[in-house]
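These values consider heavy atoms only, across backbone and side chains, with no hydrogens, waters or symmetry-generated copies.
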Amino acid sequence: MVGLAVGCALAVLAAYLGKVRAPESVLLAAIGLCGVAGAFRITRLLLTWGAGLLAALLCVCLLTPILRGPLSALTLAQPPTKADAIVVLGGGVQCGTRTLEAPSFARLMRGLELWRAGYAPVITVSEQSNLLGSPTCPKMSVLEGEIVRQLYPQGGPELLTLRSVTTTRDEAARVRDYARERGWQSILLVTSPSHSRRAAALFEAYGLRAVSVPAQELQFDTTLPLPSDRLEALQVVLYEWLSRAKSAAGGTPER
């Protein structure tokens with residue numbers, strides 16, 4: 001029972017804090033393995049002590065603003081300059097309501113703000129591949145195009161679509177192709193603050209001169225005044241660290 005309880009708790013933490021996109025069978029298998037480990041004294045002690053240490057670390061993150069430093073380290077905010085294009089990275093879609101998730105909306109609004117200020121005449125938006133979500137889910141690029149047309153029925157920005165992207169690496173590759181085709185020399189890169197430093201480095205690795213101008217963080221208060229803000233921040237920090245670790249190990253980052 002101890003092993004099963006620890007396994008259930010770890011599965012919930014993995015699915016929420018790590019944003020694990022795993023089927024129920026994988027999570028059930030992890031719970032079952034913990035249940036088996038709980039049947040033996042040594043492994044049961046390891047599970048118990050490990051769970052206690054993890055709980056203590058979570059309490060520190062929830063009761064103090066200790067994550068301000070890690071959040072700041074993930075962020076790269078630079079003054080905007082004249083560029084050839086504004087690249088708005090994808091942030092997700094609410095399939096059920098057929099609307100943009102908060103990060104997608106914030107990024108699009110930031111991109112439009114830069115366009116209105118005259119920094120670049122072109123905005124790119126991303127079309128997620130069918131590997132992300134249900135095939136019946138609306139495409140981010142379509143929803144963003146509808147919002148732009150509603151705001152600017154005439155005289156809006158030129159919109160270019162980055163087709164069938166799954167990760168930031170895909171987006172960088174598509175932008176590189178547009179840059180070669182259109183002779184772009186520099187871009188303004190718009191994403192969420194916690195994603196900005198990693199995204200800028202990736203675009204630079206693809207030979208693109210990217211100025212990072214992140215959007216506003218809408219999911220939580222970045223000063224972390226409340227436990228709820230700290231929980232959201234913990235999710236973001238863990239996601240970024242896990243994504244970097246996956247990339248360093250030769251895998252593909254989640255976004």
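- F40 and L46 end up in different hydrophobic clusters when Ile, Leu, Val, Met, Phe, Trp and Tyr side chains are linked at under 4.5 Å.
- If you chain together hydrophobic residues whose side chains sit under 4.5 Å apart, L224 and W241 fall into the same group.
- Side-chain contact of T222 with E217: a donor-acceptor pair under 3.5 Å is absent, judged by distance alone.
- Residue V142 is not grouped with residue L89 when hydrophobic side chains (ILVMFWY) are merged at heavy-atom distances under 4.5 angstrom, including chains of intermediate members.
- In this structure, the side chain of E171 engages the main chain of G90 through a donor-acceptor pair within 3.5 Å.
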Notebook entry, point to check: Is there a side chain to side chain contact (heavy atoms under 4.5 Å, CB included) between L231 and F220 once you walk through the steps?
Noted result: CA-CA 9 Å; L231 183 62; F220 59 92; over 6 Å; no
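- The structure places OG of S194 at 12.5 Å from CG of L76, a figure rounded to the nearest 0.5 Å.
- Taken from CZ in R163 to CD in E127, the straight-line distance is 5.0 Å, to the nearest 0.5 Å.
- Under a hydrophobic-cluster definition in which Ile, Leu, Val, Met, Phe, Trp and Tyr are linked whenever side-chain heavy atoms come within less than 4.5 Å, directly or via other members, L54 and L47 are assigned to the same cluster.
- Of all heavy-atom pairs spanning S126 and E144, the tightest one is N-OE1, 4.0 Å.
- No chain of hydrophobic side-chain contacts below 4.5 Å, direct or via other Ile, Leu, Val, Met, Phe, Trp or Tyr residues, connects L226 to I66.
- Interatomic distance, W184 CH2 to T124 OG1, rounded to the nearest 0.5 Å: 6.0 Å.
- Of the residues T191, L208, L189, the one that meets the side chain to side chain contact (heavy atoms under 4.5 Å, CB included) test with V87 is L189.
- Electrostatic pairing of E158 and R182 counts as a salt bridge here, judged by a charged N lying under 4.0 Å from a carboxylate O.
- Side chain of S141 to backbone of T161: no donor-acceptor contact under 3.5 angstrom is found.
- Side chain of S72 to backbone of R68: no donor-acceptor contact under 3.5 angstrom is found.
- In the hydrophobic clustering (ILVMFWY side chains linked at under 4.5 Å, chained through shared members), V213 is joined by I86, V88, V93, L100, F105, L108, M109, L112, L114, W115, Y119, I123, V125, M140, L143, I147, V148, L151, Y152, L159, L188, V190, V211.
- The minimum heavy-atom distance linking T64 with R230 is given by the pair O-CD, 3.4 Å.
- Here the side chain of T75 pairs a donor or acceptor atom with the backbone of L71 at under 3.5 angstrom.
- Atom CZ of residue R107 and atom OG of residue S192 lie 3.5 Å apart, to the nearest 0.5 angstrom.
- Between the NZ atom in K139 and the OG atom in S164 there is a gap of 7.0 Å [rounded to 0.5 Å].
- Counting non-hydrogen atoms of neighbouring residues, nucleotides and ligands closer than 6.0 angstrom, the CD1 atom of I42 reaches no more than 12 such neighbours.
- In this structure, OG1 in T167 is found 7.5 Å from CG in L202, a value given to the nearest 0.5 Å.
- Proximity of a side-chain donor or acceptor of K82 to a complementary backbone N or O of G118 within less than 3.5 Å is detected.
- Without hydrogens or angle criteria, D84 side chain to S186 main chain gives a donor-acceptor distance under 3.5 Å.
- Minimum interatomic distance between P214 and S196 (heavy atoms only, all atoms of both residues): CB-CB, 4.1 Å.
- No salt bridge links E146 with R149; every basic N to acidic carboxylate O contact stays at or beyond 4.0 Å.
- Under a cut-off of 6.0 angstrom, the local environment of CZ in R209 is sparse, with at most 12 non-hydrogen atoms contributed by other residues, nucleotides or ligands.
- Of the possible polar contacts, one joining the Q128 side chain to the P138 backbone as a donor-acceptor pair under 3.5 Å is found.
- Nearest heavy-atom pair across Y239 and R198 is CE2-NH2, 4.5 Å.
- Other residues, nucleotides and ligands contribute at most 12 non-hydrogen atoms within 6.0 Å of the CD atom of Q216.
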